[in-house]
Visitor: 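To start, I am sharing the structure in question, which I have written as structure tokens.
Below, chains carry the letters A, B, ... as their sequence lines are ordered, and counting in each starts from 1. The basis for the numbers below is simple: all heavy atoms, side chains too, and nothing from hydrogens, waters or symmetry mates.
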Amino acid sequence: DARVTQTPRHKVTEMGQEVTMRCQPILGHNTVFWYRQTMMQGLELLAYFRNRAPLDDSGMPKDRFSAEMPDATLATLKIQPSEPRDSAVYFCASGLGAPTGLHTEAFFGQGTRLTVV
Amino acid sequence: DQQVKQNSPSLSVQEGRISILNCDYTNSMFDYFLWYKKYPAEGPTFLISISSIKDKNEDGRFTVFLNKSAKHLSLHIVPSQPGDSAVYFCAATARGGTSYGKLTFGQGTILTVHP
């Protein structure tokens, strides 16, 4: 049963602390997305990777957010320092992309609910 | 700059009737459109998609219509069932260019189907 796995599912942290969210994409998928769900903006794209290389991270506040893919089985999203306005649900998704476009739809993980107090 | 817009935050429909969810986009480079459904505490799941070379795609109770000249698409659910109650997200992508495969989502529409 192939699925995108995100950890942790929930995280409560104090303002100023570092937060790391992890994602294991579906085996064989070469495209990984990080989205943030907020009430006002819906699903905002923070960053996405193809074949582990960052393609677009323009949606991410660069001063505090960073996204990496140390290897093909792990994507990380880090916030340092965290702020209350970062409280949201963060989703990772993976898909199979090619130069002609996305072969398949993106599959989402269950999300990490982050609360910064 | 919201390139994909779902202007109705919520929609309430009686069971058995038609649900119509709407989506507008501004980027003329978008050539592939998707609808996702999301239940509480779960990630979005893919529902149906349509390529810009088509104006309609049907899958069971779900039909997506695309009007390229108006930059508008809609999702029709007939007949609506209580289990369809969820948040529906419209998404779009351009399958060419440097950002190929990048999925841009709308704000979502909460659909409630009453028994």
Visitor: Quick one: CD on B:Gln107 to CD on A:Gln37, what's the gap to the nearest 0.5 Å?
Guide: 12.0 Å
Visitor: In the single-linkage hydrophobic clustering (I, L, V, M, F, W, Y; side-chain heavy atoms under 4.5 Å), do A:Trp34 and A:Leu43 co-cluster?
Guide: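 Looking at the clustering, A:Leu43 is in a separate group from A:Trp34.
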Visitor: OG1 of B:Thr93 to CD of A:Glu105: how many Å apart, nearest 0.5 Å?
Guide: 13.0 Å
Visitor: Would the distance check show the side chain of A:Tyr48 and the main-chain N or O of B:Leu103 forming a donor-acceptor pair, the cut-off being under 3.5 Å?
Guide: no
Visitor: Tell me whether B:Lys68 at atom NZ has more than 12 heavy atoms from other residues, nucleotides or ligands lying less than 6.0 Å away.
Guide: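 Result for NZ/B:Lys68: enclosed.
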Visitor: With clusters defined by side-chain heavy atoms of hydrophobic residues (ILVMFWY) lying less than 4.5 Å apart, directly or transitively, does B:Leu111 cluster with B:Phe62?
Guide: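 Yes, one cluster joins them.
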Visitor: Taking a hydrophobic cluster as the set of Ile, Leu, Val, Met, Phe, Trp and Tyr residues connected by side-chain heavy atoms closer than 4.5 Å, whether directly or through intermediates, do B:Phe30 and B:Leu66 fall within one such cluster?
Guide: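 Linked, B:Phe30 and B:Leu66 end up in one cluster.
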Visitor: Say whether B:Val78 and B:Val113 are linked into one hydrophobic cluster, either directly or through other cluster members, by side-chain heavy-atom distances under 4.5 angstrom.
Guide: no
Visitor: Tell me, yes or no, whether the heavy-atom count around B:Arg17 atom CZ, taken from other residues, nucleotides or ligands under 6.0 Å, exceeds 12.
Guide: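 12 or below, so no.
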Visitor: Just checking heavy atoms, which of residues 109-117 of chain A are less than 4.5 Å from chain B?
Guide: A:Gly109, A:Gln110
Visitor: Let me check something: do A:Phe33 and B:Phe46 share a hydrophobic cluster, defined by ILVMFWY side-chain heavy atoms less than 4.5 Å apart, either directly or through other members?
Guide: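 In one cluster: yes.
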Visitor: Under 6.0 Å between ring centres, would you say that holds for B:Phe105 and A:Phe108?
Guide: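 Yes.
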